[in-house]
Amino acid sequence: MKHLHFKDHFWNNELTSTAGYDAIIHYHNEGKRTCKEVEDFLKARAAIEEKYAKDLLGLSKKVCGHNEMNTLKRSLDIFKLQMEHVSLAHLQLAQSMREEVKKLEDFREKQKDARKKIEQHMDALHKQKASQFKKTMDSKKTYEQKCRDKEEADQNVYRNTNNSKNIEKFNAKAQQAKLNSEEADKIYQQNVFTLGSIRDEWMREHMNACEIFEQQAIDRINIVRNTVWTHLNLLSQQCVTSDDLYEEVRKSLEQCNIPEDLDHFVNLRRTGDKPPGPLAYENFYSGQRAPLAARPSQVPPPVNRREALPVPSCPSDGAIYSTVQDANYSVVRY
């Protein structure tokens, strides 16, 4: 397939028109804006990665399983260590992104400087071309007017051939008009020639500018594409790196042995292998203790604290006193 080139498709029928050149400049301005947008995007992404890395690094320093022991403790320590490595990897990723952004910024500035020189040169040519075109058109109008003046003077001479009194005067005017037209013709031709030279130079410079602008467009598209490609490669590599670090944690968790951890705890913190004996019943009053093997009965045997009270004799005044054994005995007085 035949490729299209700037130098073949950005001309205009009008000599003073800059429509084709303006279209190319507009295209490059849009491309410059695209580069800036990609730069801003990558800068923002790098800032996100850096913040994430710092937050993750802070998280990896927090206490996690400090009181755990044996294989699970080792797994948790490796887990924290690998999280720290992941955070450092993301910090490196942010730095790599900024380096790619710097390359794109340098490229954009380099193209800007090169394009500025060409634009200044082309703008000068456009002004020169427009000025010479105007000068040529003015000289053409003057030339045409002088030719009309000459024709009119020749007509006056022809009409007044029988007027001997003024014939010399008309002949002198005709001769002067002829000289004026010839001078205007000479100036007009010179301006046309000069404009042609300027046009030829402008065409050469326009083609040269088109080739340079086309190459700049190729370079810009290529570096933007490669920058985004590299950005994605960095992200993919970060995923691989993170997965490798996470795999170390998974390997450690595979070595985490539950029975071994329980045995380790028992061996480290054991307090004895014999349970306590049954609690013996102790009689408060007798001071006797039941045998160790005997279990205290649910209902303790009745204890006689005092001997039976003597039966009181009736007093001489006939008053009757109740004893504790009486069914109607009460300490409450009514």
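Counting begins at 1 with the first residue of the sequence. In what follows, every heavy atom counts, from backbone to side chain, and hydrogens, waters and symmetry copies are set aside.
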query = In the hydrophobic cluster built from side-chain contacts under 4.5 Å, what are the other members alongside M137?
reply = L15, F133, L195
inquiry  = Between N257 and T71, is there a side-chain donor-acceptor contact under 3.5 Å, judged purely by atom types and distance?
reply    = no
key: Within one Ile-Leu-Val-Met-Phe-Trp-Tyr cluster: F6 and W11, side-chain cutoff 4.5 Å   = yes
ask   = Sequence neighbours excluded, which residues qualify as side-chain contact (heavy atoms from CB on, under 4.5 Å) partners of N191?
value = Q132, K135, T136, S139, I187
key: Sequence neighbours excluded, every pair satisfying salt bridge (charged side-chain N to carboxylate O under 4.0 Å, His left out) that has a member inside residues 234-243   = D243-R250
inquiry  = Salt bridge or not between K61 and E84? Use side-chain N to carboxylate O under 4.0 Å.
reply    = yes
inquiry  = Check this for me, if you would: do D123 and K127 make a salt bridge, where the nitrogen-to-carboxylate-oxygen distance has to be below 4.0 angstrom?
reply    = no
Shortest non-hydrogen contact between K146 and A184, atoms and distance = CG-CB, 3.7 Å
message = Rounded to the nearest 0.5 Å, what separates atom OG1 in T142 from atom CG in D138?
response = 6.5 Å
message = Just so I know, are the side chains of M97 and L93 near enough to count as touching, which here means a heavy-atom distance under 4.5 Å?
response = yes
key: Atom pair CG/CZ of N222 and F107 - distance to nearest 0.5 Å   = 8.0 Å
task = Report the distance from atom CG of N226 to atom CG of L104, rounding to the nearest 0.5 Å.
result = 10.5 Å
inquiry  = Main chain of E14, side chain of S17: is a donor-acceptor contact present, judged purely on distance under 3.5 Å?
reply    = no
message = Closer than 4.0 angstrom, basic N to acidic O: yes or no for D200 and R204?
response = no
note = So salt bridge (charged side-chain N to carboxylate O under 4.0 Å, His left out) across residues 92-101, not counting sequence neighbours, yields E50-R98, E100-K103
Any pair counted as salt bridge (charged side-chain N to carboxylate O under 4.0 Å, His left out), so long as it reaches residues 184-198, sequence neighbours left out = none
task = Linking directly or through intermediates, with side-chain heavy atoms under 4.5 Å: list the remaining ILVMFWY members grouped with L59, chain and number order.
result = Y52, L56, I78, F79, M83, V86, L245, Y246, V249, L253
query = Is the backbone of I223 close enough, under 3.5 Å, to the side chain of T227 for a donor and an acceptor to pair up by distance?
reply = yes
inquiry  = Please say yes or no: joined through hydrophobic side-chain contacts below 4.5 Å, possibly via intermediate residues, are I212 and M203 part of one cluster?
reply    = yes
task = For Q145 and R148, test the side chains for any donor-to-acceptor distance below 3.5 angstrom and give the result as yes or no.
result = yes
ask   = Under the side-chain contact (heavy atoms from CB on, under 4.5 Å) criterion, do S181 and D149 qualify, and how do the steps go?
value = CA-CA 8 Å; S181 66; D149 292 344; over 6 Å; no
message = Any non-hydrogen side-chain atom of L72 less than 4.5 Å from a side-chain atom of L76?
response = yes
Neighbour count >12 (heavy atoms, 6.0 Å) for atom NZ, K129 = yes
message = Would you compute the distance between atom CD of E152 and atom NZ of K173 and round it to the nearest 0.5 angstrom?
response = 9.5 Å
inquiry  = With a sphere of 6.0 Å drawn around NZ of K73, does it hold more than 12 non-hydrogen atoms of other residues, nucleotides or ligands?
reply    = yes
message = Check this for me, if you would: do K110 and D106 make a salt bridge, where the nitrogen-to-carboxylate-oxygen distance has to be below 4.0 angstrom?
response = no
query = Hey, quick one: are Y143 and V192 part of the same hydrophobic cluster, counting side-chain heavy atoms closer than 4.5 Å, chains of contacts allowed?
reply = yes
Distance-only donor-acceptor check, side chains Q176 and N180, under 3.5 Å = yes
query = About how many Å separate NZ of K251 and OG of S75, when rounded to the nearest 0.5 Å?
reply = 13.5 Å
remark   = By side-chain contact (heavy atoms from CB on, under 4.5 Å), E109 pairs with (sequence neighbours left out) K112
inquiry  = Which residues pass the side-chain hydrogen bond (donor to acceptor under 3.5 Å, both in side chains) test with E211, not counting sequence neighbours?
reply    = K7
task = I would like to know whether Q215 and D219 meet side chain to side chain donor-acceptor pair (under 3.5 Å); could you show each step before the answer?
result = CA-CA 6 Å; Q215 187 59 48; D219 295 340; 3.0 Å; yes
Can you give the donor-acceptor pairs under 3.5 Å from side chains of residues 41-49 to other protein atoms, not counting sequence neighbours?
| unit_1 | atom_1 | unit_2 | atom_2 | d |
| --- | --- | --- | --- | --- |
| K43 | NZ | E105 | OE2 | 2.7 |
| R45 | NE | E49 | OE2 | 3.3 |
| R45 | NH2 | E49 | OE2 | 3.1 |
| E49 | OE1 | H90 | ND1 | 2.6 |

ask   = Do the charged groups of K117 and D113 touch, with an N to O distance under 4.0 Å?
value = no
Closest non-hydrogen atom pair, A130 against T16 = CA-CG2, 4.4 Å
ask   = Is there a donor-acceptor pair closer than 3.5 Å between any side-chain N or O of Q128 and the backbone N or O of I198?
value = no
task = Look at the aromatic rings of W202 and H206 and report parallel, tilted or perpendicular, splitting at 30° and 60°.
result = tilted
What side-chain donor-acceptor pairs closer than 3.5 Å can you find for residues 19-35, not counting sequence neighbours?
| unit_1 | atom_1 | unit_2 | atom_2 | d |
| --- | --- | --- | --- | --- |
| D22 | OD2 | T18 | OG1 | 2.9 |
| Y27 | OH | R220 | NH2 | 3.3 |
| H28 | NE2 | F213 | O | 2.8 |
| N29 | ND2 | I25 | O | 3.3 |
| E30 | OE1 | R33 | NH1 | 3.0 |
| E30 | OE2 | R33 | NH1 | 2.9 |
| T34 | OG1 | E30 | O | 3.1 |

inquiry  = Quick check for you: to the nearest 0.5 Å, what is the distance between L268 atom CG and D263 atom CG?
reply    = 12.0 Å
remark   = Applying side-chain hydrogen bond (donor to acceptor under 3.5 Å, both in side chains) to H9 and not counting sequence neighbours gives none
request  = Would you indicate whether the side-chain heavy atoms of Q237 and T241 approach each other to under 4.5 Å?
outcome  = yes
key: For V266, all residues meeting side-chain contact (heavy atoms from CB on, under 4.5 Å), sequence neighbours excluded   = R270
task = Flag yes if more than 12 heavy atoms outside K80 fall under 6.0 Å of its NZ atom; otherwise flag no.
result = yes
